[in-house]
Number of protein chains: 2
Amino acid sequence: MSGAKSMSMELPLDQILRGECVETMRTLPSGSVDCVFADPPYNLQLRGELRRPDDSLVDGVDDDWDKFSDLQEYDRFTRAWLTEARRVLHKDGTIWVIGSYHNIFRIGAILQELGFWILNDIVWRKSNPMPNFRGRRFTNAHETLIWAARSEDSRYRFNYQAMKALNDDVQMRSDWYLPLCTGNERLRNEHGLKLHPTQKPESLLHRVLLASTTVDDVVLDPFTGTGTTPAMARRLRRRFIGIERHPDYVEAAMSRVARETPLADDAVVTTQDKREAPRVPFGSLVELGLLPVGTVLCDKKQRVNATVSPDGTLVSGTKRGSIHKLGAQLTNAPSCNGWTFWHFERNGEFLPLDVLRQESLDLAKTAAATAKAAAAG
Amino acid sequence: MSGAKSMSMELPLDQILRGECVETMRTLPSGSVDCVFADPPYNLQLRGELRRPDDSLVDGVDDDWDKFSDLQEYDRFTRAWLTEARRVLHKDGTIWVIGSYHNIFRIGAILQELGFWILNDIVWRKSNPMPNFRGRRFTNAHETLIWAARSEDSRYRFNYQAMKALNDDVQMRSDWYLPLCTGNERLRNEHGLKLHPTQKPESLLHRVLLASTTVDDVVLDPFTGTGTTPAMARRLRRRFIGIERHPDYVEAAMSRVARETPLADDAVVTTQDKREAPRVPFGSLVELGLLPVGTVLCDKKQRVNATVSPDGTLVSGTKRGSIHKLGAQLTNAPSCNGWTFWHFERNGEFLPLDVLRQESLDLAKTAAATAKAAAAG
DNA sequence: ACCCCACCTGAATCTGATA
DNA sequence: TTATCAGATTCAGGTGGGG
């Protein structure tokens, strides 16, 4: 199955090598690892300081390792480490690289140019992202992982059934909903400050390793940091090779790994992903055309009415607001459930908006069932 | 506001030009459009035909326009049309490009190389994606849109409040959950077969246009296809320029546009950003007598207070300054929004100055309406 | 033990008009 | 071009103290 381990060369297994990533990879034999997980610098290019609306300062990434003079230098760096990673990878191996819009397009383009074969782009949707404090863009609520085989004809590993099981017995999709690394999981120094600015959550690596490797596979992480990859590899009984430049991180990561207990033989697919509540923003009913812009809504006794705007707000005279806010305002109530307060006309009778909400959920459910049936054949 | 339309050149507005996209863009003047939405060919590398588990054939993308001999050719094509798009775009304009992992990394990298400034990458999560029939990858359940300004210093449009309203009054995130284009919305030929393999849903364009353009803005779609962009532009009272190579699509799109009814003046209005509201100098509230000289203001928790001067400054002890300056000074904050910081007493409760600002705007609006009625009567 | 609330934090390319 | 200043802007979740 996994070819790399059959080579049985003298690999520095279950170690974190201190050193530059390209140089250190050069010391590893070709075709010797089954999987690479890489979390390279993102080249964020942050400029001034950023403050929250309450004037508190955002603790941004200002480390030297994320500073590049320009795109060309970042591309050279990227091409260099991806070239080595490809050499070290077994012919049937796969690579994962995570990034944001700052760097992921560079990475993806270079991966393709080097002959990697992209299998999926995976979206890590953050359940608790940092908001956009200035209101100038959409909340940057996700990061992207690229999953690629070493080449077009690699016979790569994908544990389809394990992923399906992990996802309530429907195919695992390319969008993953996972929280950030916070709380106890986040490594901290003696002052309680985060040890590393970009520590990844264990749930992410758990899914990555479970999807694309098997027991005893060798996983290489060229940017190990605080060692999430080694820790999850040990827990899931994979072998790891870490590479990390900073001695403090090497030490922190190794003691973290030492605290991990490998799972027993029979323990495998256990973790469940956090299910999302099927929230329906009122605006989406408008976008979907279930409720045309300009529709006039009224309360049950038709004492007040309001018109639907393109952005999902309601307008009544000079007043504008969400279905809840405007309902409260027009009735002088402290609060109001707009879903039950506002009614629309259908076949001569007035129905609450809640009917439409339910219908939109049913639509989604039917579509999902159809897709599943098609998949089942 | 939107710079492009003020140029009033002879643009082929509200038309779909039949022709090759680069050539046709060359006929348009520089800086003449406010927004570009592009759904270019995806360079799908489907090797041979794809069959479902029941051996039925998947009607994939295999039209002539999607055949590119290799990555280099696709890059050349991409660079060519993006270069023209950038020339045609107003300096403060933005571009949207949608793609999948097959092409989006080429597009993103070239966008950056041409000097576009990426604002967000947006994930369109499909509520009803096609399942992965072979079980060899994750279900490809999303597509990616890149939203970018023409350059780093573009003062681009983002209708923050409208997006927030559309999402139940929390910031719109970078992941959008929308269904595929199916059912009645999908254009079909006389045999009931879909007219175009990749028709985009109207809900997607509704959100795109509502986020990044305003009424009468000019939107260019260089790969118009069945005309979802023109149709939504017409509905939302934006102007459009379409470009499409295939005469059948041009015809289908134009008759589709003709079936759209533009929203009425008052129906197309969305929640306004405060930045766009008319500016009210604090001093004018004093002049208008809405806030008498000598009134004592305090912060919400009544920890500091200050007195209103005739010139619209506040005085607190020996300190004097604008509502913003003094608020910042008294709280040792780098900045302060005096409108929300300072409160005045009315009927026993403390209200922020912002209430008075709104009231002065309402007064002005009422006065204008009265004047208009008098003139008409 | 439990609830409530105040406070803290996260890979962030985070203002714009006017003088 | 640069300096100045008005004023717009946050969500989910964890932690910890007090009642």
Side-chain angles (χ1 to χ4, degrees), chain A residues 39-63 65-68 71 74 98-104 124 126-144 177 179-186 188 192-194 196-201 223 225 274, chain B residues 92 112 116-121 148-149 152-158 160-161 164 167-174 273-277 279-283 312 321-328 333-342 353-354 357:
Chain A
D39 182 11
Y42 285 10
N43 190 26
L44 285 188
Q45 308 167 71
L46 304 181
R47 286 176 286 198
E49 60 176 27
L50 178 65
R51 288 177 180 277
R52 300 185 179 81
D54 65 3
D55 276 331
S56 63
L57 195 60
V58 172
D59 183 15
V61 178
D62 60 353
D63 304 66
W65 49 254
D66 199 41
K67 299 235 190 323
F68 295 85
L71 268 189
Y74 187 80
I98 184 168
S100 66
Y101 66 83
H102 309 84
N103 70 328
I104 200 66
W124 167 28
K126 301 177 183 181
S127 59
N128 47 349
M130 190 189 294
N132 184 293
F133 296 119
R134 307 308 293 264
R136 296 299 295 139
R137 303 181 178 195
F138 297 94
T139 306
N140 198 356
H142 75 277
E143 293 187 24
T144 302
Y177 187 69
L180 297 175
C181 178
T182 59
N184 270 338
E185 191 184 316
R186 190 100 197 198
R188 293 172 198 284
L193 299 174
K194 60 188 175 191
H196 192 285
T198 70
Q199 186 180 338
K200 294 293 174 288
F223 306 95
K274 213 168 169 178
Chain B
D92 294 330
Q112 290 177 309
F116 285 100
W117 191 246
I118 298 180
L119 299 169
N120 279 113
D121 57 334
E152 185 174 346
D153 54 2
S154 296
R155 295 185 316 207
Y156 59 92
R157 165 174 287 274
F158 176 53
Y160 174 76
Q161 292 295 349
K164 191 171 170 176
N167 194 38
D168 276 359
D169 280 334
V170 293
Q171 293 190 337
M172 185 70 82
R173 297 169 38 122
S174 55
D273 277 38
K274 270 195 177 173
R275 292 181 178 92
E276 289 188 273
R279 206 179 79 85
V280 177
F282 175 68
S322 71
I323 54 173
H324 314 294
K325 279 270 171 70
L326 195 68
S335 70
C336 169
N337 182 345
W339 291 108
T340 52
F341 178 78
W342 293 106
L353 291 181
D354 229 11
R357 177 164 62 164

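In what follows, chains are A, B, ... by sequence order, proteins preceding strands, each numbered from 1.
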Classify the nucleic acid contact of [X] as base, sugar-phosphate or nothing, counting any heavy atom under 4.0 Å across all strands shown.
{"X": "A:W124", "result": "nothing"}
{"X": "A:D66", "result": "base"}
{"X": "B:P281", "result": "nothing"}
{"X": "A:C181", "result": "nothing"}
{"X": "A:P40", "result": "base"}
{"X": "A:G99", "result": "nothing"}
{"X": "B:Q171", "result": "sugar-phosphate"}
{"X": "A:D39", "result": "base"}
{"X": "A:S100", "result": "nothing"}
{"X": "B:L119", "result": "nothing"}
{"X": "A:N132", "result": "base"}
{"X": "B:R357", "result": "sugar-phosphate"}
{"X": "A:K200", "result": "base"}
{"X": "B:V170", "result": "sugar-phosphate"}

Can you tell me how far [atom1] in [N] sits from the matching atom in [M], rounded to whole Å?
{"N": "D:dG17", "M": "C:dA1", "atom1": "C1'", "answer": "15 Å"}
{"N": "D:dA8", "M": "C:dA12", "atom1": "P", "answer": "25 Å"}
{"N": "D:dC11", "M": "C:dC14", "atom1": "C1'", "answer": "16 Å"}
{"N": "C:dG16", "M": "D:dT1", "atom1": "C1'", "answer": "16 Å"}

Does the side chain to side chain contact (heavy atoms under 4.5 Å, CB included) test come out yes or no for B:K274 and B:R357, once each step is laid out? CA-CA 12 Å; B:K274 270 195 177 173; B:R357 177 164 62 164; 4.1 Å; yes
Starting at [atom1] of [X] and ending at [atom2] of [N], how long is that distance when rounded to a whole Å?
{"X": "B:K274", "N": "C:dA17", "atom1": "NZ", "atom2": "C1'", "answer": "18 Å"}
{"X": "A:N128", "N": "D:dG14", "atom1": "CG", "atom2": "P", "answer": "8 Å"}
{"X": "A:R51", "N": "D:dA8", "atom1": "CZ", "atom2": "P", "answer": "19 Å"}
{"X": "B:W117", "N": "C:dC14", "atom1": "CH2", "atom2": "C1'", "answer": "12 Å"}
{"X": "A:R52", "N": "C:dT9", "atom1": "CZ", "atom2": "P", "answer": "7 Å"}
{"X": "B:N337", "N": "C:dG16", "atom1": "CG", "atom2": "P", "answer": "16 Å"}
{"X": "B:I118", "N": "C:dA12", "atom1": "CD1", "atom2": "P", "answer": "17 Å"}
{"X": "B:Y160", "N": "D:dA8", "atom1": "OH", "atom2": "P", "answer": "13 Å"}

Donor-acceptor contact present, side-chain [X] to main-chain [Y], <3.5 Å:
{"X": "A:Y101", "Y": "A:N140", "value": "no"}
{"X": "B:R173", "Y": "A:T139", "value": "no"}
{"X": "A:N128", "Y": "A:P179", "value": "no"}
{"X": "A:K67", "Y": "A:D62", "value": "yes"}

Between [X] and [N], does any side-chain N or O lie under 4.0 Å from OP1 or OP2?
{"X": "A:R188", "N": "C:dT9", "value": "no"}
{"X": "B:S322", "N": "D:dA6", "value": "yes"}
{"X": "B:Q161", "N": "D:dT9", "value": "yes"}
{"X": "B:R279", "N": "D:dG7", "value": "yes"}
{"X": "B:H324", "N": "D:dG7", "value": "yes"}
{"X": "A:R136", "N": "C:dG16", "value": "yes"}
{"X": "A:N140", "N": "C:dT13", "value": "yes"}

Applying a 3.5 Å limit to both distances, which nucleotide forms a Watson-Crick or G-U wobble pair with [N]?
{"N": "D:dG7", "answer": "none"}
{"N": "C:dA19", "answer": "D:dT2"}
{"N": "C:dC2", "answer": "D:dG19"}
{"N": "C:dT13", "answer": "none"}

Nearest to side-chain heavy atoms of B:R155, which nucleotide of D:dA6, C:dG10, C:dA17: C:dA17
Please tell me which of A:L193 and A:R134 maps to the more 5' nucleotide of DNA chain C, matching each residue to the nucleotide holding its nearest heavy atom.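 Here A:L193 is the residue nearer the 5' end.
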I want to confirm an ordering. Mapping A:H196 and B:Y156 to their closest nucleotides on DNA chain C, which one lands closer to the 5' end?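 The answer here is A:H196.
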Less than 5.5 Å between centroids and less than 30° between ring planes, does A:F133 satisfy that with D:dT10?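 No, A:F133 does not stack on the base of D:dT10.
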N/O donor-acceptor pair, side chain [X] with base [N], under 3.5 angstrom:
{"X": "A:R137", "N": "C:dT13", "answer": "yes"}
{"X": "B:S335", "N": "D:dA8", "answer": "yes"}
{"X": "A:K126", "N": "C:dA11", "answer": "no"}

Candidate pair B:D153 and B:W117, rule side chain to side chain contact (heavy atoms under 4.5 Å, CB included), full reasoning: CA-CA 8 Å; B:D153 54 2; B:W117 191 246; over 6 Å; no
Separation between CG (B:N167) and CZ (A:F138), nearest 0.5 Å, reads 10.5 Å
Atom of B:L119, atom of B:Y156 and distance for their closest heavy-atom approach: CD2-CE2, 3.6 Å
Considering all heavy atoms of both residues, which atom of B:C336 and which atom of B:A328 are nearest to each other, and what is their separation? CB-N, 3.4 Å
